[in-house]
Each structure stands twice: as C-alpha cells, then as structure tokens.
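First comes the structure, then the notes that go with it.
Quick note: residue numbers are just sequence positions, from 1.
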Amino acid sequence: MASMLKTHVAARFTALAASALALALTASAATPPAPHWVATWATSPVFASNTTGKFDAAAPDGITLRQIVHLSIGGSSFRIQFTNEFGTADLKISAASLATVGAAGALTSTAMPVTFGGHASVTIPAGAMMVSDPVSLKAAPLSDVAVSLFLPSQTIDAMTLHSFADTTSYRVPGNSVTAPALTDPKTFTTWMFLKGIAADAPANAASIVTLGDSITDGALSTRDTNHRWPDVLAARLQANAATRNLGIANEGIGGNRVLHDTTGPNMLARFDRDVIAQPGVKYLVVMEAINDIGHSFDPSKPYDPITADELIVGYKQLIERAHEHGIKVFGATLTPYVGAKYQSPAGEAARQAVNEFIRHGGAFDGVIDFDQVTRDPANPGAFLPAYDSGDHLHPKDAGYKAMGESIDLKLFR
C-alpha cells in the first residue's frame, strides 16, 4: 500500500511539474522579451533666444521641420526623444513621423507615425523632454532617417536646439510630416527640439557616448558627409563583427567647457542629462578642456581663469559619476592648438599638463591619444598641416579621419 501511495504521489508531482512547465512555456511564448533600448544617435541641446522672431513658429498654418540624422546601429523599432528643456513655455507638437530618407529630404520609405502614449500630439512642458512610443521602421546601420514634426502656430521665445548640426534639414509651412517630398523647402543646419533616437537592439548591444566640444561636434568638417571623428568610429565599429553591436551618441557642443558655462551648460552640469540618461550607455569618451584653457590664458582677453589642477578635479568628478553607473571612461588627449587665436605659452603648458594626467594619471579606464595622432612631429604644439583646417584649432576631414581610425577597438570589450 505504501509503495502504491508513493507511486501515486510521484506521478501526481510529475504531472503538476509538467503542467507548470507548460504554463511557463506558454507565458514565455505569449510575452515577448522586454525591449533593450540603445542610443543610436544623439545630440546635446542648448538654449537659443527667438526674440527676433527669426524662427516663425507663430505662422498661421504652423510649420513642419524635417530633420535628418545619421544612425550608428540599425534596427526595426525606434524611440525618439523630443526636448523643450530650455523652453520657457509649453511646446506643442501636433504630429510627427519617422522614415528613411534620401536626397533633399525625400523619403525612401513610408512615413511611420510617431505617437506618445498612443496619441498623435503631445505638449512638452517647459524644462521637460518626451520619449515617443516605439516606432516600427526598418533602418540599416549607418543610414539616414528623417524625423518630421509639425508645430502648430504658437509663440516660442526660448528654443531648445543643437546649434551646429553640420547636416542640412528642411522646413515648410503647414503639416507635411507624411509627404514623400517637400515642396520648396527652406533649409537649416541645426537640430531643433530633437534630442536622440534609441533602437530596440539585441541584449549585448550598448552605446558609446562621445562627450566634448566643437572637435567632437565636427566643426569645419564637410557638411552632410558625416566626417566627424565619432562618425568615423561608428563606421569602424560596424565593419568589425566584434563591435557592430555598439552605437554612438555624439554629445559634443561647439565652444563648450568643463568648468564654466558658455555655449551650453558646462560639462559637469550637463553630465547627467547627456551621459547618464542615455539609453544603453556602457562606454564614455571624454575630450574637452581646450576652451577652458584657451579663454583662461588668452593673451588678449583672458577670462574665467582656471588651472590644470582644477580641470583634473573636474575630470575626476566625471569619472566617479560614470563609474557609479557602471560606465567605463576613456580619456582623449587634447589636440594641438598653437597658432589658434587664443593660444599662449601658458595655455600650452596647461594643455601639456592635462594631457600628462590623461595619459599617466591612472584615473581613466583607457586612453585615446588624439594629440599624438594629429600633432606635427616638427612642431608638436601644432597640428600636422595635412590635418589642420586652417584655424590651427580644428581638424579638417583628413584629421577627423585619422582621429577616428586611431582608436583601438579593443577598448570596447
């Protein structure tokens, strides 16, 4: 009798286990895995005044902005970040779309509607940003997409934008967010009210944030060619099977500084917004301080004085805050600037001291030596002539290419 009871209990247990397994498998099949959002494109917004009315958002028919961005990793589902972070009043968006794009803003796919909690329109409060619902769209790595948004007639005195896009975008009166091509559009070269795009990516995907000033922003590179050094890096990542799961979020701002506000908030102030808040960020490359040094030691009009030691303290703050979130931080040395308008011997000494810390201070998780790559061996304080844009501060396309190609991809593992 005891043996029969044990057999019955075992059989019952087996049946229950099988039933539980079947239920678990059914639930698993019915519930898709949660999305893994990774930044595939980003930009850092700043404040711009519209008191002159140059941007005519109050036009009776409203205005459509079709903004072109270059993705790093591709995908089939994306979320878009819209921003009113520097606005002083609500920003109303009545419609938006996402599509792949070709020449002159002409769409090469059906414009997919962008919604917010299932609604086509959204009001973004002053100081806030909004993330869209997932948008189904197949877009390849390193492809261009168009984010079109329709702004109904409204007064906008304080705009949130990235002032140097180095990319041509388009605007027309009225609502044309789904139009395959725009009729007689005007062009502009900023990214307005647009902050980032994230892709639903595989579980092993992640993003690299490149944090810096105009040299990271791509100043004086050829417009509409994506020749910034982060773009060069993105292409190399895609060409390498071991790293093609990594996206790039370019958070460079021309004129930006580590310790003082100028073009946009200082790097310490914008760090949480531009780095920590990026979806899927795993790595950070920091290249900034030449504007702190240049303005502090400008022989003709010095202001906001700083020391190399103060900049190093700022770097250490960034590293500590990134490490708290499990982000590896790579320091990129400051490129040459002898011959630039605000260069001086004292400033060059500060640049050398900062670069010495980046290379040998032991605080960063790795080093990218842009200074060594771009300097003239015959005059190490200056750019190699083949890489100099002509202002002795910014590289030209060949210089950006050399920078992007010099980065050891083994850092990102």
Side-chain angles (χ1 to χ4, degrees), residues 39 41-46 69-70 72 162-167 190-191 195-196 207-223 225-237 246-258 262-271 273-275 278 281 283-294 311 314-315 318 322 327 329-337 340 351 354-355 358 364 366-371 373-374 383 387 389 391 393-407 411-412:
W41 174 84
T43 194
S44 186
V46 300
V69 303
H70 187 65
S72 50
H162 185 82
S163 52
F164 177 77
D166 210 20
T167 296
T190 60
W191 284 308
K195 184 182 175 88
S207 187
I208 303 166
V209 174
T210 59
L211 188 66
D213 49 38
S214 57
I215 296 176
T216 297
D217 210 12
L220 302 185
S221 63
T222 302
R223 184 180 296 173
T225 60
N226 302 305
H227 283 166
R228 313 165 190 87
W229 72 257
D231 297 323
V232 176
L233 174 59
R236 292 184 62 221
L237 293 170
L246 296 175
I248 295 285
N250 187 338
E251 299 290 356
I253 302 176
N256 202 237
R257 292 185 285 174
V258 176
T262 179
T263 308
N266 66 77
M267 186 180 281
L268 292 176
R270 68 186 180 97
F271 189 77
R273 184 192 76 197
D274 288 349
V275 179
Q278 290 301 317
V281 59
Y283 304 104
L284 169 65
V285 179
V286 178
M287 185 198 180
E288 183 158 315
I290 199 65
N291 290 314
D292 298 76
I293 291 169
L311 286 171
Y315 283 147
L318 301 178
I327 300 170
V329 189
F330 306 125
T333 53
L334 305 179
T335 47
Y337 92 127
R351 186 183 76 90
V354 168
N355 281 350
I358 293 171
F364 287 100
V367 176
I368 298 170
D369 204 339
F370 285 153
D371 172 50
V373 170
T374 59
F383 266 109
Y387 295 160
S389 68
D391 70 357
L393 178 64
H394 299 96
K396 60 183 176 182
D397 288 358
Y400 285 124
K401 185 174 186 289
M403 292 168 68
E405 289 183 344
S406 73
I407 299 170
L411 289 170
F412 309 110

Could you list the residues that satisfy side-chain hydrogen bond (donor to acceptor under 3.5 Å, both in side chains) with D213, not counting sequence neighbours?
->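 Scan of D213 (side-chain hydrogen bond (donor to acceptor under 3.5 Å, both in side chains), adjacent residues dropped) gives none.
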
Looking only at side chains, do S221 and D397 share a donor and an acceptor under 3.5 Å apart?
->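 No pair is found: no donor N or O on one side chain lies under 3.5 Å from an acceptor on the other.
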
Using the salt bridge (charged side-chain N to carboxylate O under 4.0 Å, His left out) criterion, which residues pair with [X]? Sequence neighbours excluded.
| X | value |
| --- | --- |
| D369 | R359 |
| K401 | E405 |
| D231 | R228 |
| D217 | none |

Find out whether H70 and T167 are in side-chain contact, i.e. whether some heavy atom of one side chain is under 4.5 Å from a heavy atom of the other.
->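 No, side chains not in contact.
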
Side chain to side chain, M403 and V232, heavy atoms closer than 4.5 Å |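 SC-SC contact between M403 and V232 ruled out.
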
Short question: side chain of [X], backbone of [Y] - any donor-acceptor pair under 3.5 Å?
| X | Y | value |
| --- | --- | --- |
| S389 | L220 | no |
| S72 | I248 | yes |
| R223 | A165 | no |
| R257 | M267 | no |
| N250 | W41 | no |
| T335 | D371 | no |

Enter the distance from [X]:[atom1] to [Y]:[atom2] here, rounded to the nearest 0.5 Å.
| X | Y | atom1 | atom2 | value |
| --- | --- | --- | --- | --- |
| E288 | N266 | CD | CG | 8.5 Å |
| I253 | F164 | CD1 | CZ | 13.0 Å |
| I368 | L411 | CD1 | CG | 5.5 Å |
| T222 | D166 | OG1 | CG | 8.0 Å |
| T210 | L284 | OG1 | CG | 8.5 Å |
| I358 | T333 | CD1 | OG1 | 6.0 Å |

Taking all non-hydrogen atoms of both residues into account, name the closest pair between [X] and [Y] and its distance.
| X | Y | value |
| --- | --- | --- |
| P265 | R270 | O-CD, 3.5 Å |
| P336 | F383 | O-CE1, 3.4 Å |
| N256 | N291 | O-ND2, 3.0 Å |
| V258 | G314 | CG1-CA, 4.5 Å |
| I215 | M287 | CG2-CE, 3.8 Å |
| A42 | Q278 | CB-OE1, 3.7 Å |

Before giving the answer on side chain to side chain contact (heavy atoms under 4.5 Å, CB included), spell out for L318 and L268 the whole-Å C-alpha distance, their side-chain angles and the decisive distance to 0.1 Å.
-> CA-CA 7 Å; L318 301 178; L268 292 176; 3.5 Å; yes

Does the pair H162 and T43 meet the rule for a side-chain hydrogen bond (donor to acceptor under 3.5 Å, both in side chains), with working shown?
-> CA-CA 7 Å; H162 185 82; T43 194; 3.0 Å; yes

Only one of F370, Y400, Y387 clears ring-ring contact (aromatic ring centres under 6.0 Å, His included) with W229; which?
->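 Testing W229 for a ring-ring contact (aromatic ring centres under 6.0 Å, His included) against F370, Y400, Y387 leaves exactly one candidate, F370.
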
Centroid-centroid distance, Y283 to F412, less than 6.0 Å =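 Distance test on ring centres: under 6.0 Å, yes.
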
Taking it one step at a time, do L211 and F271 satisfy side chain to side chain contact (heavy atoms under 4.5 Å, CB included)?
-> CA-CA 9 Å; L211 188 66; F271 189 77; 3.9 Å; yes

Audit row: H227, K396, side chain to side chain contact (heavy atoms under 4.5 Å, CB included) steps and yes/no = CA-CA 9 Å; H227 283 166; K396 60 183 176 182; over 6 Å; no

Worked verdict on D274 versus S44 for side-chain hydrogen bond (donor to acceptor under 3.5 Å, both in side chains) = CA-CA 7 Å; D274 288 349; S44 186; 2.5 Å; yes

Sequence-distant partners of S214, side-chain contact (heavy atoms from CB on, under 4.5 Å), two or more places apart |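 Only A219, H394 meet the side-chain contact (heavy atoms from CB on, under 4.5 Å) criterion with S214.
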
For the pair I407 and F330, evaluate side chain to side chain contact (heavy atoms under 4.5 Å, CB included) and give the outcome as yes or no after the intermediate values.
-> CA-CA 11 Å; I407 299 170; F330 306 125; over 6 Å; no

